[in-house]
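For this chain, numbers begin at 1 and follow the sequence in order. Every number for a ligand or one of its atoms is a count from 1 in the order of the listing. These figures come from a predicted structure and were not determined experimentally.
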Amino acid sequence: MAKPKVAMYWNASCGGCEEAVVDLAEDILKVVEAVDIVLWPVAMDFKRKDIEAMEDGEIAVAFLNGGVRTSEQEDWAKLLRRKSQLVVAFGSCAHLGGVPGLANFYDREAVFRTAYHDTASTVNPEGVEPARSTKMPEGELELPEIYDRVYALDQVIEVDYYLPGCAPPPDLIMEAVNAILSGELPPKGSVLAPDKSLCDTCDRNESKPDKLELTELKRPHQTFMDPEKCFLAEGVICMGPATRSGCGERCINANMPCRGCFGPTDEVRDMGAKFLSALASIIDIRDPEDMEKLAESIPDPAGLVYMYSLATSLLTRRQAEEKVAA
Ligand code: SF4
Ligand code: SF4
């Protein structure tokens, strides 16, 4: 019997999701035995024309990591959507826009200005920026269009399932692969991780006092972090109350607070707003001046609470809706 065809592709991402596949260690041999990999640019030499030549729906499942920032990435996402029965948004950037989505606080012009002109390490006396088309003695060079913002995958194509995490952990990847191979899949649109908050599964939760009342916030380097105690109870911002569990508390076990890479649980529409409301409920300050001082003690608060989810947040939803409508 023919093995199911599987494609893996990367868009706007750092490559960590590709590493996560390698982190399957010996389990990767089971995957390779069970499926026929037809696309995996980081590891194997397949070409776009190989995919274009396939029948629509011929690929059983495409795992796409990374957000969509360029016209080339959008073309690939649409091509793989057409050729695949299932599309899985793999990792935080495909799921929510991820860290590259933080650029959505700015437009393309501002990003170019910083990257190609203003940074201390930039040497660019002619002020060259990426252009769609550049005439060279050898001919005309073409580059994909860089969009004004980063899109999560489901803002560009229909997505069947989401594998969360920066990067998704090996046990969740294997569970997803096994579920797909056995056909025992949850309802379409599901996030393939428990629908509980990280605090619900975190061992430190029990160390929280019954009533939390914070009067100051500290950054990790400004305090001793007791490896037994809840970060929030110690005044260190931890996104656990607004984050889906399933990562195995990776950061917490390394004595670092959660930054929210698994995204929110199903009931939460906006992760940053959910966390801010949880935080506001435990702040015990009445004086407006003291409150201002507390707010100032968090550098880049929006970047902190939307570190992985800005592209899908209510803050930038309108831009994304315009894209879907276009
Ligand atoms: S806030 Fe962070 S440290 Fe505290 S219980 Fe939740 S996940 Fe654990
Ligand atoms: S603790 Fe938070 S940031 Fe760290 S891996 Fe888990 S969900 Fe991601």
Practice task
Could you work out the complete set of other residues in the hydrophobic cluster of Met136, with links drawn between I, L, V, M, F, W and Y side chains under 4.5 Å apart?
Solution key: Leu141
Practice task
Answer yes or no for Arg149 and Tyr151: cation-pi contact, defined as NZ/CZ to six-membered ring centre under 6.0 Å and angle to ring axis within 45°.
Solution key: yes
Exercise for the section: Report the nearest protein non-hydrogen atom to atom 2 (Fe) of ligand 2: residue, atom name, distance rounded to 0.1 Å. Expected result: Cys258 SG, 2.3 Å
Handout entry: Near atom 4 (Fe) of ligand 1 (cut-off under 2.8 Å), count of protein N, O or S atoms
Key = 1
Practice task
Can you sort out the partners of Ser309 under side-chain contact (heavy atoms from CB on, under 4.5 Å), two or more places apart, ordered by chain and number?
Solution key: Leu96, Met271, Tyr306, Thr312
Practice task
Would you check whether Gly260 reaches within less than 4.0 Å of ligand 2, judged by its heavy atoms?
Solution key: yes
Handout entry: Distance from atom 6 (Fe) of ligand 2 to nearest protein heavy atom, with residue and atom
Key = Cys247 SG, 2.3 Å
Problem - Test side chain to side chain contact (heavy atoms under 4.5 Å, CB included) applied to Ile157 and Val87, step by step - result: CA-CA 9 Å; Ile157 58 166; Val87 168; 4.0 Å; yes
Problem - Distance under 6.0 Å and angle within 45° of ring axis: Arg259 vs Tyr308 - result: no
Exercise for the section: Look at Lys78 together with Asp75 and state whether they make a salt bridge at an N to O cut-off of under 4.0 Å. Expected result: no
Problem - Residue pair Leu102 / Met307: nearest heavy atoms and the distance that separates them - result: CG-O, 3.8 Å
Completion exercise
Ranked by distance from atom 3 (S) of ligand 2, the top protein heavy atom is Arg259 N, 3.3 Å
Problem - Enumerated ligand 2 atoms positioned under 4.0 Å from heavy atoms of Phe262 - result: 7 (S)
Practice task
Keeping to residues at least two apart or across chains, list the salt bridge (Lys or Arg N to Asp or Glu O under 4.0 Å) pairs with something in residues 165-184.
Solution key: none
Handout entry: Flag, side chain of Thr122 to backbone of Asp118, donor-acceptor distance under 3.5 Å
Key = no
Problem - Donor + acceptor pair across side chains of Asp284, Thr215 (<3.5 Å) - result: no
Handout entry: atom 8 (Fe) of ligand 2 - nearest protein heavy atom and its distance
Key = Cys261 SG, 2.3 Å
Problem - Close-contact set for ligand 2 against Thr243 heavy atoms, below 4.0 Å - result: 7 (S)
Practice task
Provide, to 0.1 Å, the distance between atom 4 (Fe) of ligand 2 and the closest protein heavy atom, together with that atom's residue and name.
Solution key: Cys251 SG, 2.2 Å
Problem - Nearest protein heavy atom with distance in Å, relative to atom 5 (S) of ligand 2 - result: Arg250 NE, 3.3 Å
